[in-house]
Amino acid sequence: MKRKEKELYWTGQISEYRESGETLVQWCERKDIKLHTMKYWLRKQSPVSKKSQETAWVSCLVEEPSSETTLTLKIKMWKLR
């Protein structure tokens, strides 16, 4: 099965599980699907995991080098829009 086919298959399985009203354990036992496999696909297709793959770039101002060999990096927290 190709990667895209697997993703579509598991998207369908996840939808079926969520619509069933059963617990994950009950649903997996009834469908004869390994619990850890289902948990893997739930994590893989989670919107949180997809969002965490985004890259954010920041600018960095380098001041005059000093005689020290230490580099200090200060990060100010902000919200990404």
Side-chain angles (χ1 to χ4, degrees):
M1 194 181 289
K2 293 182 182 177
R3 185 177 65 174
K4 206 62 170 164
E5 291 171 337
K6 276 185 181 179
E7 288 177 11
L8 287 173
Y9 170 79
W10 284 104
T11 299
Q13 294 299 306
I14 290 168
S15 294
E16 187 178 317
Y17 154 65
R18 289 186 173 145
E19 292 169 6
S20 74
E22 296 175 297
T23 66
L24 185 58
V25 173
Q26 291 170 335
W27 188 86
C28 287
E29 285 176 354
R30 182 173 59 81
K31 297 286 288 185
D32 197 28
I33 292 176
K34 292 182 180 178
L35 184 61
H36 74 273
T37 302
M38 186 63 174
K39 285 183 177 180
Y40 167 81
W41 283 100
L42 283 166
R43 277 191 315 275
K44 186 169 177 69
Q45 296 196 356
S46 166
V48 173
S49 66
K50 290 180 182 177
K51 189 171 188 171
S52 67
Q53 294 175 358
E54 294 177 8
T55 302
W57 295 94
V58 296
S59 61
C60 179
L61 176 61
V62 180
E63 297 179 1
E64 286 292 318
S66 67
S67 60
E68 296 179 24
T69 59
T70 304
L71 173 68
T72 303
L73 179 64
K74 294 181 182 179
I75 300 174
K76 181 179 175 182
M77 299 304 289
W78 72 93
K79 284 188 174 182
L80 295 177
R81 297 181 200 173

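Residues take their numbers from the sequence shown, with the count starting at 1. No experiment lies behind these values; they were computed from the predicted model shown.
- By the 4.5 Å heavy-atom criterion applied to side chains, Trp27 and Gln13 are counted as neighbours.
- How far CH2 of Trp10 is from CD1 of Ile33: 4.5 Å, rounded to the nearest 0.5 Å.
- No continuous path of ILVMFWY side-chain contacts below 4.5 Å connects Leu8 to Tyr40, so the two sit in separate hydrophobic clusters.
- For the atom pair CD (Glu29) and OG1 (Thr23), the distance works out to 7.5 Å, reported to the nearest 0.5 Å.
- The distance from atom OG of Ser20 to atom CZ of Arg30, rounded to the nearest 0.5 Å, is 6.0 Å.
- For the side chain to side chain donor-acceptor pair (under 3.5 Å) criterion with Thr11, the lone passing option out of Glu16, Gln45, Lys6 is Gln45.
- Here Ser15 pairs with nothing under the side chain to side chain donor-acceptor pair (under 3.5 Å) rule; sequence neighbours left out.
- Taking 4.5 Å as the limit, every side-chain heavy atom of Met38 sits out of range of all side-chain heavy atoms of Lys31.
- The distance from atom CZ of Arg43 to atom NZ of Lys39, rounded to the nearest 0.5 Å, is 8.0 Å.
- In this structure the side chain of Lys44 never reaches within 4.5 angstrom of the side chain of Ile14, judged on heavy atoms.
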